[in-house]
Amino acid sequence: MKRQPRPLPREFYDRHPAGVARELLGKVLVRKTAADVLRGRILEAEAYLAADDPACHASRGRTRKNASMFGPPGHAYVYPIHSRFCFNVVTEPEGVASAVLIRAVEPLAGLQQMQNRRQRQHVRDLASGPARLCEAFDIDRRLDGWDLTLGRQLWIVDDGAPPPLDESVGRSSRIGVTAAEHLPLRFYIRSHALVSGPRRLRA
DNA sequence: CTACCGATTGACT
DNA sequence: GTCAATCGGTAGA
């Protein structure tokens with residue numbers, strides 16, 4: 001029986017969020033609950049910077065909501081928006097508040113459970129979009145601050161699949177942000193049907 | 001306490 | 001393509 005890949009180590013996350021966002025493409029998000037194991041390949045991620053980035057939730061200092069972003073790298077930052085949730089991984093050393101938002105994954109395992117949670121049948125509707133992904137993977141505020149290196153409940157692995165080549169990785173401005181619109185901090189698998197966002201940013 | 005608003009989504013033209 | 005629902009977090013009185 002094949003050994004399960006280990007969670008990405010803390011060092012993976014301990015660097016600039018743009019590098020983490022790019023390197024997370026092709027990695028596999030794993031969610032284990034009492035009942036299910038869900039897996040999805042990361043297709044799209046956005047970096048939020050600790051400095052000179054007004055779109056970053058930490059740009060105006062520490063609050064109760066963004067506290068986990070100021071914590072050590074390799075933990076989750078889960079926040080609510082519009083009655084939904086978005087999932088980030090915390091990057092850079094403790095005290096440096098930066099993160100990477102996971103915007104879309106390709107469902108690999110647990111499709112049935114995702115369909116049930118999302119109340120949608122089509123794969124396109126399961127985990128394309130940050131809040132859809134959270135609903136499909138049963139991620140909410142309970143997992144804010146969760147340590148992603150433990151290999152329990154929620155973590156990320158390299159399953160050995162070849163990483164995407166540079167020419168297959170697209171880069172664009174971040175979706176939905178009203179501040180710092182020009183920064184090209186969104187990374188995604190080019191032409192993958194399950195990437196979220198408007199068509200003009202997908203090519 | 002009230003007022004405002006968003007790293008969204010789904011329904012609709 | 002457009003648009004409104006929705007509510008926790010934050011700022012300000």
Side-chain angles (χ1 to χ4, degrees), chain A residues 13 16-22 24-25 29 40 42-71 73 75-92 96-107 114-146 148 154 156 170-189 193-203:
Chain A
Y13 303 100
H16 193 277
V20 175
R22 165 63 180 87
L24 276 176
L25 298 180
L29 178 67
I42 297 172
L43 303 174
E44 181 184 5
E46 290 176 351
Y48 289 85
L49 312 184
D52 301 316
D53 182 5
C56 180
H57 287 167
S59 65
R60 275 168 298 191
R62 182 180 186 134
T63 66
R64 175 149 68 250
K65 168 175 124 173
N66 65 24
S68 51
M69 246 208 276
F70 287 82
H75 288 243
Y77 166 48
V78 180
Y79 71 91
I81 184 170
H82 292 284
S83 311
R84 297 173 163 86
F85 296 96
C86 290
F87 164 61
N88 301 246
V89 301
V90 175
T91 55
E92 298 186 287
V96 182
S98 60
V100 171
L101 170 71
I102 309 301
R103 287 196 56 93
V105 305
E106 173 188 7
M114 296 184 201
Q115 288 167 325
N116 289 344
R117 288 211 180 83
R118 290 279 303 131
Q119 291 294 297
R120 292 289 187 285
Q121 295 303 117
H122 295 302
V123 184
R124 183 65 233 261
D125 296 324
L126 296 184
S128 298
R132 293 171 176 165
L133 179 162
C134 280
E135 188 173 38
F137 279 71
D138 195 27
I139 295 170
D140 61 27
R141 280 233 105 172
R142 293 171 301 178
L143 287 167
D144 183 42
W146 183 259
L148 301 171
L154 183 65
I156 299 172
R171 210 171 158 168
S172 79
S173 53
R174 294 169 293 186
I175 291 177
V177 301
T178 53
E181 225 178 306
H182 58 287
L183 296 176
L185 293 174
R186 170 173 174 257
F187 299 81
Y188 59 99
I189 305 292
L194 299 180
V195 166
S196 76
R199 183 189 301 271
R200 59 177 252 282
L201 291 177
R202 266 197 263 151

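Just the heavy atoms: all of them, side chains too, but no hydrogens, waters or symmetry mates, feed the values below. Protein chains get the first letters and strands the later ones, always in sequence-line order, with residue 1 at the start of each.
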Any side-chain N or O of A:Arg120 under 4.0 Å from OP1/OP2 of B:dA11?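 Affirmative; the distance criterion is met.
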
Hey, is the side chain of A:Arg124 poking within less than 4.0 Å of OP1 or OP2 on B:dG10, counting only N and O atoms?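 So the side chain of A:Arg124 is outside the cut-off, no N or O lying under 4.0 Å from OP1 or OP2 of B:dG10.
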
Main-chain N/O of [Y] paired to [X] side chain as donor or acceptor, under 3.5 Å:
X	Y	result
A:Arg132	A:Ser128	yes
A:Arg118	A:Asp125	yes
A:Glu106	A:Leu43	no

N-O pairing of A:Glu135 and A:Arg117 below 4.0 Å: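 Salt bridge: no.
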
Going by heavy atoms closer than 4.0 Å, what residues in residues 79-90 of chain A are next to DNA chain C?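 Contacts with DNA chain C under 4.0 Å: A:Pro80, A:His82, A:Ser83.
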
Using a 4.0 Å heavy-atom cut-off across all strands, classify A:Ala131 as base, sugar-phosphate, or nothing.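 Counting heavy atoms under 4.0 Å across all strands, the contact made by A:Ala131 is with sugar-phosphate only.
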
As a test of reading the structure: which of B:dT9, B:dA7, B:dG10 is closest to the side chain of A:His57, going by heavy atoms?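 Of B:dT9, B:dA7, B:dG10, B:dA7 is nearest to the side chain of A:His57.
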
Heavy-atom side-chain proximity of A:Ser59 to A:Asp53 below 4.5 angstrom: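 Side chain of A:Ser59 against side chain of A:Asp53, heavy atoms only: no contact under 4.5 Å found.
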
So do the side chains of A:Leu194 and A:Pro107 get within less than 4.5 Å of each other, counting heavy atoms only?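 Counting from C-beta outward, A:Leu194 and A:Pro107 do come under 4.5 Å.
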
Measure the spacing between [atom1] of [X] and [atom2] of [Y] and express it to the nearest 0.5 Å.
X	Y	atom1	atom2	result
A:Arg171	A:Leu185	CZ	CG	6.5 Å
A:Arg103	A:Leu133	CZ	CG	10.0 Å
A:Ile139	A:Leu154	CD1	CG	5.0 Å
A:Leu126	A:Gln121	CG	CD	8.5 Å

Residue-level proximity of residues 58-68 of chain A to DNA chain B when a heavy atom falls under 4.0 Å: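 Per residue number, the list is empty: none.
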
Both distances under 3.5 Å, Watson-Crick or G-U wobble: on that basis, could you give the dot-bracket string for DNA chain B, with [ ] for crossing pairs and | for other-strand partners? ||||||.|||||.

